[in-house]
Amino acid sequence: MCHVIVTCRSMLWTLLSIVVAFAELIAFMSADWLIGKAKPSSSDDVDNRTGGSQEPYHPTLGIYGRCTRISHMQFSRRDTLCGPYAENFNEIASGFWQATAIFLAMGIMILCAVAFVSVFTMCVQSIMKKSIFNVCGLLQGIAGM
């Protein structure tokens, strides 16, 4: 009975470790860190197909990516272009955002390593009389700081 509970806990921990690592990676890649005010719509922003107005445009900025409106494609389905604005590390918006990129990247690397190791905890639960769960939990705490 006790072995089944430990196995279920380790499977849940493994699954959540993988989910959190991917969620952090997606957050890092997202361009929605700062969302600007909606641009006022004009009479030119009417969708010819439906007769209604298009959704208001919100410019966004991420650590190294952004979304901007493409002015010559206003009536297309995809009138915003999202992608990196920084070609190299020095082009990231500010020193604070550069520090954020460094710390987030380190945290994501630790979380991915823990998620990878957590898969092996199904078979091996200790190494050199040290619990892998305790070590990985400590690493997850450090990555979350």
Side-chain angles (χ1 to χ4, degrees), residues 1-42 45 47 49-50 52-145:
M1 176 77 173
C2 183
H3 181 67
V4 172
I5 293 172
V6 170
T7 303
C8 287
R9 269 200 235 162
S10 66
M11 286 175 34
L12 180 63
W13 174 69
T14 300
L15 180 65
L16 289 176
S17 296
I18 293 168
V19 167
V20 167
F22 278 117
E24 284 289 323
L25 185 61
I26 290 169
F28 183 77
M29 303 298 281
S30 173
D32 293 334
W33 282 59
L34 293 176
I35 300 175
K37 291 182 181 179
K39 300 290 184 184
S41 59
S42 64
D45 288 341
D47 192 345
R49 290 168 280 160
T50 63
S53 64
Q54 293 179 330
E55 291 182 25
Y57 165 68
H58 296 272
T60 62
L61 179 67
I63 289 180
Y64 73 95
R66 68 176 173 189
C67 292
T68 57
R69 175 177 257 176
I70 304 170
S71 60
H72 66 277
M73 296 179 65
Q74 284 183 354
F75 299 116
S76 74
R77 209 156 204 201
R78 188 177 162 138
D79 62 345
T80 58
L81 177 65
C82 297
Y85 70 86
E87 302 253 340
N88 60 47
F89 184 75
N90 292 329
E91 291 179 357
I92 293 178
S94 71
F96 292 111
W97 285 58
Q98 290 174 349
T100 301
I102 290 170
F103 288 122
L104 263 177
M106 286 176 20
I108 290 168
M109 287 188 332
I110 292 170
L111 287 173
C112 287
V114 167
F116 181 74
V117 168
S118 69
V119 172
F120 295 108
T121 61
M122 302 290 190
C123 302
V124 179
Q125 296 182 354
S126 65
I127 295 177
M128 295 186 294
K129 297 184 181 180
K130 298 284 184 190
S131 171
I132 294 175
F133 298 111
N134 291 343
V135 173
C136 287
L138 177 66
L139 288 174
Q140 284 177 330
I142 291 170
M145 290 173 74

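Fair warning: this is a prediction, and the values are worked out from it, not measured in the lab.
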Which pair of non-hydrogen atoms, one from Leu139 and one from Val114, has the smallest distance, and what is that distance? CB-CG2, 3.7 Å
Taking the side chain from Tyr85 and the backbone from Cys67, do they hold a donor-acceptor pair closer than 3.5 Å? no
Check whether Asn88 reaches the backbone of Glu91 with its side chain - one donor and one acceptor, N or O, closer than 3.5 Å. yes
Can you find a pair of side-chain heavy atoms, one from Phe89 and one from Gln98, that are under 4.5 Å apart? yes
According to the ring pair (Phe, Tyr, Trp, His ring centres under 6.0 Å) rule, which pairs have a member within residues 96-121, sequence neighbours left out? Phe116-Phe120
What is the distance from atom OG1 of Thr100 to atom CZ of Phe28, rounded to the nearest 0.5 Å? 9.5 Å
Just verifying a value: how many Å separate Leu25 CG and Ile108 CD1, rounded to the nearest 0.5 Å? 5.5 Å
Quick one: are Met29 and Ile26 in side-chain contact, heavy atoms under 4.5 Å? no
Leu104 side, atom CG; Ile63 side, atom CD1 - distance, nearest 0.5 Å: 5.0 Å
Determine the minimum heavy-atom distance between Leu61 and Arg66, stating which atoms define it. CD1-CB, 4.0 Å
Separation of Trp13 CH2 from Ile18 CD1 (nearest 0.5 Å): 10.0 Å
Would a distance-only check, ignoring hydrogens and angles, find a side-chain to backbone donor-acceptor pair under 3.5 Å from Ser118 to Ala115? yes
